[in-house]
Amino acid sequence: MKIIVVSYSYTGNNEILAEGVARQLSAKHIKITVQKPMTIGTIIMDMVFARTPRVHPSPDILRQYDLVLFFGPVWIGQLASPLRGFLNYLKNNPRQYGFLSISGGADGSNPKLSSELFKRTGIQTVIMLDQHIKDLLPQNPKPSRKDTSGYRLSESEQKRLSDIAVGEINKIIEAQV
Ligand SMILES: Cc1cc2nc3c(=O)[nH]c(=O)nc-3n(C[C@H](O)[C@H](O)[C@H](O)COP(=O)(O)O)c2cc1C
């Protein structure tokens, strides 16, 4: 099974998580970059007005792969906008895919992610794993949005979260052989 890891990251967390997973799976990893730099302002505008930013590379790169593993942050309960073009591509070029994230989690569990993924691709994910920064922090007092949004994963946290992700991905791969 040919696997590709596709990541977008604004502050680096999802990039290092994706790197760790790609390394362990010996999978190709591509990093989505945006043509115009993202700011908190453009993030909010994209989320409110459903905009899809121009990105590099072209999603056509997915053509050669059987399983696409997307990594990216959650913003205001939604998938990060730079992933949208790639997710839309799957609608006309269906293949198995998953979405994995290290998001903040301070406001809850981002319950709309699965339905957004289905709406954009027309396909159910084979894996959806949203791990939370909130769970890495002391629980008393309860971590706030400010605590989670400025947080950068340490190397040992990245390793732990990547191992969890790879464990889940391997279950999917093993179920298919
Ligand atoms: C504008 C903005 C909105 C966010 N909204 C959410 C949210 O709704 N749910 C959540 O769990 N995390 C949210 N976060 C936290 C990010 O998902 C989290 O910091 C993530 O680790 C960032 O990933 P990155 O370093 O790969 O960009 C938000 C962060 C920003 C900057």
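Remember, it's 1-based here, ligands and their atoms both numbered in the order they're listed. As the structure is a prediction and not an experimental result, all values here were calculated from the model.
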Salt bridge (Lys or Arg N to Asp or Glu O under 4.0 Å): which pairs involve residues 87-113, sequence neighbours left out?
Asp107-Arg145
I need the contact residues for ligand 1: any residue with a non-hydrogen atom closer than 4.0 Å to the ligand, ordered by chain then number.
Ser9, Tyr10, Thr11, Gly12, Asn13, Asn14, Ile40, Ile43, Pro73, Val74, Trp75, Ile76, Gly77, Ile102, Ser103, Gly104, Gly105, Asn110, Ile133, Thr148, Ser149
Does a salt bridge link [X] with [Y], judged by any charged N lying under 4.0 Å from a carboxylate O?
{"X": "Arg63", "Y": "Asp60", "answer": "yes"}
{"X": "Lys159", "Y": "Glu155", "answer": "no"}
{"X": "Glu157", "Y": "Arg160", "answer": "no"}

Under 3.5 Å, side chain of Gln139 to main-chain N/O of Leu137, donor-acceptor pair present?
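A pair under 3.5 Å: yes.
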A side-chain contact here means heavy atoms from C-beta on lying under 4.5 Å apart; do Tyr8 and Phe71 qualify?
no
